[in-house]
Amino acid sequence: MNQVRVIHVKIFRFDPERDSSPHYDEYRIEIQGVMKILDLLELIYQKHDPSLAYRSSCRSGKCGVCSVTVNGRPVLACREDLPEGIVLIEPLANYPVVRDLIVDRRGYDQKMEGLSSSLSPVEDQKGTPPRDWNPTDFDSYDRLSKCIECLLCDATCPVLALSLSDYGGPALFRQDAFLEADKRLLRSDPSPSERLHLDDCSTCKACSASCPKGIEVFDEAVLGLRRRRSFQEQGLTEMQKGYLRTILDTGSLFTPYRVPLSKQLPEVNEPENMKGEILFFPGCMMNMRYQGAGKAIVRILTSLGIRVLLPKDLICCGGPLLWTGQDEAFSEVSRKNIRVFERVGISTLVTGCAGCGMTLKKGYEGRFEEQKAFIVYDFIEYLEFLKPSFGPERGKKRKVAYHDPCHLRRGQGIWKEPRKLLQSLPEVHLVEIEKPDQCCGGMLATHHRDLANCLSKKKARTIIDAEVDMVTTECPLCKDMISKALKIEGSRITVDTIGELIEKLYCSGRTIP
Amino acid sequence: MTFQKQLAEILETDVLVVGGGGAGMMAALEACQKGCRVTLVDKGIPSRECATLMAKQLAAAGPWSFPDDSPERHMEDTLASGCFINDRALVRVFVNQAPSTIQALEAMGMLFEREVSGKTFLSGGQPPGHSYPRSLTYKESTGKMIINALRRQSMKKGIQMLPDILTTRLLVDENQVRGAICWNIAKGEMGLIRSRAVVLATGGCGQLYPMTSNPEQSTGEGYILGFEAGTELIDMEMFQFYPVSLVYPKFLRGLNINFRGRLLNARMERFMEKVDPVNLENVTRDMLSQAIYREIKKGLQAPHGGVYLEASNFEPELYQKRYPTEYQYCLEAGIDLKKDRVEVAPSGHFMMGGIRIDPDCSTGIKGLFAAGEVTGGVHGANRLANNALMEIFVFGRIAGQRAREFAGEAKEGRPLQGLIEDGTREIQNLLQPKKDFIRGFQLKEIVRELMWNKIGVIKEVMQLKEGIEKLHEIQKTFLPRLGVSLFHKTYNRDMVEALEACSMAKLALLMAQSASMRRESRGAHYLEEHPEQNDRDYLKNVLIKRKADGEGEFRLAPVAGVS
């Protein structure tokens with residue numbers, strides 16, 4: 001590490017005095033020893049280019065002013081190691097650039113001013129704590145207090161990237177939730193976030209993943225605020241209310257327009273040599289819209305020796321309710337499903353839908369007293385246990401892009417596994433698209449169709465730019481969004497779930513060994 | 001063409017607050033009442049680029065304290081720690097108003113940790129020098145939580161808070177402050193702010209040393225703003241080092257380490273065995289700093305210039321709980337504090353001296369008030385732990401209130417033409433293209449090395465003399481050569497560095513000269529030739545006042561506030 005080495009750095013440059021548009025400057029820098037991005041910027045400013053502008057202050061991850069984008073990822077410059085290969089440094093996204101790596105943070109301040117003005121006076125209460133002080137009341141306050149306002153969450157937010165002037169963004173929602181968590185305050189009703197379109201959040205959890213202080217921005221802030229009574233009464237969109245009614249009435253996101261998968265397939269799907277058995281949770285999308293994706297999973301699993309149970313009375317997992325804070329309705333729905341799990345008596349659940357998987361893993365466990373334990377796997381996770389071997393190569397290699405469903409990658413921490421699986425398929429040449437984990441708008445489609453379409457269009461463009469033959473993903477909702485957007489963009493690239501892809505390649509005419 | 005025309009921006013306000021840290025934010029809030037217009041300027045982003053964010057605990061004897069504790073006891077501890085050269089009147093105000101300030105902070109939205117009963121919890125323990133535990137916290141982010149609460153209140157009140165404004169000169173006419181000249185970093189223009197009163201709250205000067213826990217912005221221009229405006233400075237030789245800060249890796253340089261272990265020099269000798277065989281490493285901050293500095297100066301330093309710190313009776317769980325960030329940062333850098341030796345050295349931590357103020361934060365110049373680390377007198381020769389974060393809010397409040405009152409009564413003065421011309425000269429000079437110029441960061445490095453070697457943890461008469469000569473030399477040869485590489489306007493970093501370096505060079509000289517006035521050792525000031533405290537001759541303050549020629553006039557004065 002102490003050897004002198006030369007690194008290739010590319011930095012975004014913009015001087016409003018001289019440049020009509022931004023450009024990139026490249027530097028070859030000799031460095032030695034361990035360095036952070038901020039050390040590199042300082043070195044460039046001092047020894048190579050005195051015109052470089054950037055912010056820095058505490059150099060220890062506490063002040064949050066040195067935020068920049070490195071190789072596409074928002075980071076704190078003082079805490080970020082130099083990546084391998086070319087180092088691309090750009091200003092923080094989603095804020096206007098003033099010069100080079102300095103952005104104008106006034107947008108955030110202005111929204112925050114709006115938030116602060118709604119603060120009811122703590123002065124009235126002389127700052128005294130509530131009479132029945134319970135420290136655990138302040139657990140959420142404590143977790144949310146770790147924020148350093150570095151705005152990395154805002155920079156990573158796909159909805160904020162759409163430049164909607166009245167959208168709050170995760171940093172602001174965090175601030176609002178923090179004030180909300182301060183049990184000493186009397187807050188105005190509804191909370192300011194509702195005016196700032198809390199409902200527009202796409203539930204992609206990119207904010208949580210970006211936080212250098214480990215705040216679960218989505219779960220703690222956005223979801224917390226969505227659970228507020230006032231949001232439940234006034235913040236839900238008409239579409240969300242419609243889904244609530246449909247789910248409660250029919251058990252599905254969709255009013256039935258054809259025979260659901262669970263009624264087409266037998267309740268018990270027997271393999272030849274049984275090695276294990278699971279309960280397959282198809283979810284609304286596979287049960288109704290993309291039945292082929294569900295069938296593929298059942299077929300692959302049975303061919304690998306797994307007995308697949310598909311109870312007919314499973315209903316919607318309740319995810320669209322849980323993640324919009326409709327806890328009561330979610331409890332009702334999840335209780336029905338848990339009864340089915342318990343009746344069938346199988347403790348291993350497999351699903352091929354990222355959204356259902358996240359909901360089952362995060363929302364079901366420990367929801368009710370005396371509830372029996374069960375384990376949920378995503379199909380890809382489960383497939384790893386079965387160690388299927390594919391090949392040899394038969395057809396010609398296809399260039400395949402993989403899209404990370406938000407609720408698989410950030411919701412369940414699964415992103416290496418699908419890549420490993422795809423790379424093990426001899427016919428597949430895996431191509432990484434730009435920002436493969438950027439939200440396609442799927443969840444947003446259940447309440448804001450037009451915003452969701454903006455996101456899926458962006459996703460389609462990155463796929464088209466990558467010049468692949470096809471796309472695969474592990475979520476029928478993502479498949480739905482992306483395939484429609486690709487069609488609108490005039491592309492013929494098809495979207496398959498991983499199950500569908502494997503079935504196409506290996507189940508037609510031969511079985512997986 | 002007049003200079004007035006060259007000032008791109010002219011702003012008018014009743015109270016101008018210079019500095020957006022804890023003291024400035026508190027002053028702005030207090031001033032912004034009864035229709036008083038307040039403008040707060042900061043050279044970075046207000047509430048973000050300041051030392052307040054790093055502070056972990058604050059001390060006050062209040063309703064939460066032990067039955068025998070009292071402001072009186074807090075005062076005794078503060079004076080003992082300050083070796084009795086603290087300004088008594090300031091300390092009295094400080095300890096008396098600290099508890100009510102704590103309550104005011106909670107009323108503004110701060111929350112201190114509490115016991116289950118709801119009683120404020122003395123979670124900060126009992127740091128050395130305190131007779132009782134009396135420190136309040138919110139986890140390890142007390143300073144941040146307070147300043148955030150203040151900022152929300154400021155926003156609610158609609159206080160104008162301007163980022164990227166570096167104040168370069170206070171305008172004083174007939175001993176009354178009239179406003180300030182500043183450099184608008186974002187636009188690259190000079191500006192004038194007219195105001196009826198000014199609160200200086202610019203913080204400290206840890207950046208004068210090669211290693212510091214202070215943010216990059218702590219370059220001490222507030223002391224020079226005050227000095228050049230004609231205020232007195234007090235005890236500028238009293239600079240505190242934090243004994244054990246990481247030296248390496250570079251990106252963790254200056255990180256304060258909060259546990260004690262065995263200290264070893266390059267020969268692997270536990271040198272504290274010779275210094276204090278009984279207490280070993282468990283001695284006061286200044287003793288430890290001096291011992292480490294001595295080893296380094298003897299040439300017994302480890303490869304990166306510090307000494308080794310090795311864990312002994314180190315409780316990882318406790319440490320991890322109390323200082324999770326430090327622990328985590330070290331782990332990320334591949335350092336396991338449980339078993340790895342790290343290299344440490346003293347780092348620039350806190351300036352006890354500063355602008356001399358009265359208990360109402362006035363400075364002797366009408367309309368000019370000061371609060372926080374930029375002021376001196378409260379802490380004497382050595383600051384009692386946890387008093388810094390408390391001080392800034394107690395005096396920030398007073399300064400804001402007094403500035404508001406003054407602004408309400410201030411009379412209009414004469415036009416400022418001549419003052420402006422003089423006040424903008426420094427900036428104009430920097431902006432002159434020159435051959436063979438020196439950049440701000442380069443001069444900073446020169447000043448820092450000099451400060452560490454000649455006006456360091458242990459001072460020596462001859463070294464001080466040499467240091468002063470060199471600093472004079474720097475003033476003569478380097479300051480006129482200070483310049484900028486490029487003349488682009490927006491966010492010209494060279495310009496900011498040059499302006500800061502200029503203040504740093506001037507401040508360094510005042511600190512060195514101050515030190516040479518005190519031929520004894522007291523608190524943070526240790527003079528090799530006179531290792532003993534000499535109360536007969538030096539139970540005094542060193543005061544500095546600017547002479548007509550711009551040099552400082554130094555005198556020893558009886559300790560302030562002692563009747």
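By convention in this document, chain letters (A, B, ...) are assigned in the order of the sequence lines, proteins followed by strands, and residues within each chain are numbered from 1. We use all heavy atoms of the structure for the numbers below, so side chains are in, but hydrogens, waters and symmetry mates are not.
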Contacting region of Q110(A) [heavy-atom separation from chain B under 4.5 Å]:
neither
K157(B) side-chain N/O to L29(B) backbone N/O, donor-acceptor pair under 3.5 Å
yes
Does the distance from a Lys or Arg side-chain N to an Asp or Glu carboxylate O, for R59(A) and D39(A), drop under 4.0 Å?
yes
The interface call for R253(B) against chain A, heavy-atom contacts under 4.5 Å, is neither
Check: T212(B) main-chain N/O paired with S347(B) side-chain donor or acceptor under 3.5 Å:
no
Which atoms of Q46(A) come close to chain B, meaning under 4.5 Å heavy atom to heavy atom: side chain ones, backbone ones, both, or neither?
both
Side chain, backbone, both or neither: which part of R18(A) has an atom under 4.5 Å from a heavy atom of chain B?
side chain
Residue among C78(A), P16(A), C63(A) with most heavy-atom pairs under 4.5 Å to chain B:
C63(A)
Tell me, for K144(B) versus chain A, whether the close heavy atoms (under 4.5 Å) come from the side chain, the backbone, both or neither.
side chain
Applying the salt bridge (charged side-chain N to carboxylate O under 4.0 Å, His left out) criterion to K56(B), which one of E140(B), E326(B), E113(B) satisfies it?
E326(B)
Pick from E49(B), R493(B), E497(B): which one has the most heavy-atom pairs with chain A under 4.5 Å?
R493(B)
Is the distance between the ring centroids of Y242(B) and Y209(B) under 6.0 Å?
no
Proximity breakdown for N492(B) and chain A, heavy-atom pairs closer than 4.5 Å
neither
C147(A) versus chain B, heavy atoms under 4.5 Å apart: side chain, backbone, both or neither?
backbone
Count the heavy-atom pairs under 4.5 Å between each of L53(B), T490(B), L486(B) and chain A, then report the option with the highest count.
T490(B)
Whatever's closer than 4.5 Å to a heavy atom in chain B on D142(A) counts as both
Chain B contact residues among residues 22-30 of chain A, heavy-atom distance under 4.5 Å:
none
Is the shortest side-chain N to carboxylate O distance from K156(B) to E113(A) below 4.0 Å?
no
For L136(B), run the side-chain contact (heavy atoms from CB on, under 4.5 Å) check against L389(B), L105(B), L122(B) and tell me which one passes.
L122(B)
So which part of F251(B) gets closer than 4.5 Å to some heavy atom of chain A, the side chain, the backbone, both or neither?
both
Strictly below 4.0 Å, N to O, side chains only: are E90(A) and R73(A) in salt-bridge contact?
no
Chain A contact via N148(B) - side chain, backbone, both or neither, heavy atoms under 4.5 Å
side chain
Between E332(B) and chain A, which part of the residue has a heavy atom less than 4.5 Å away: side chain, backbone, both or neither?
side chain
Salt bridge check: are R99(A) and E17(A) linked by an N-O gap of less than 4.0 Å?
no
If the threshold is 4.0 Å, N to carboxylate O, is there a salt bridge linking E149(A) and R105(A)?
no
Against chain A, label L252(B) side chain, backbone, both or neither, depending on which of its atoms sit under 4.5 Å from a heavy atom there.
side chain
Is the shortest distance from a Lys or Arg side-chain nitrogen in K146(A) or E216(A) to a carboxylate oxygen in the other one below 4.0 Å?
no
Ring geometry between Y167(A) and F173(A) (parallel below 30°, tilted from 30 to 60°, perpendicular above 60°):
perpendicular
Is a salt bridge present between R13(A) and D49(A), judged by a nitrogen-to-oxygen distance below 4.0 Å?
yes
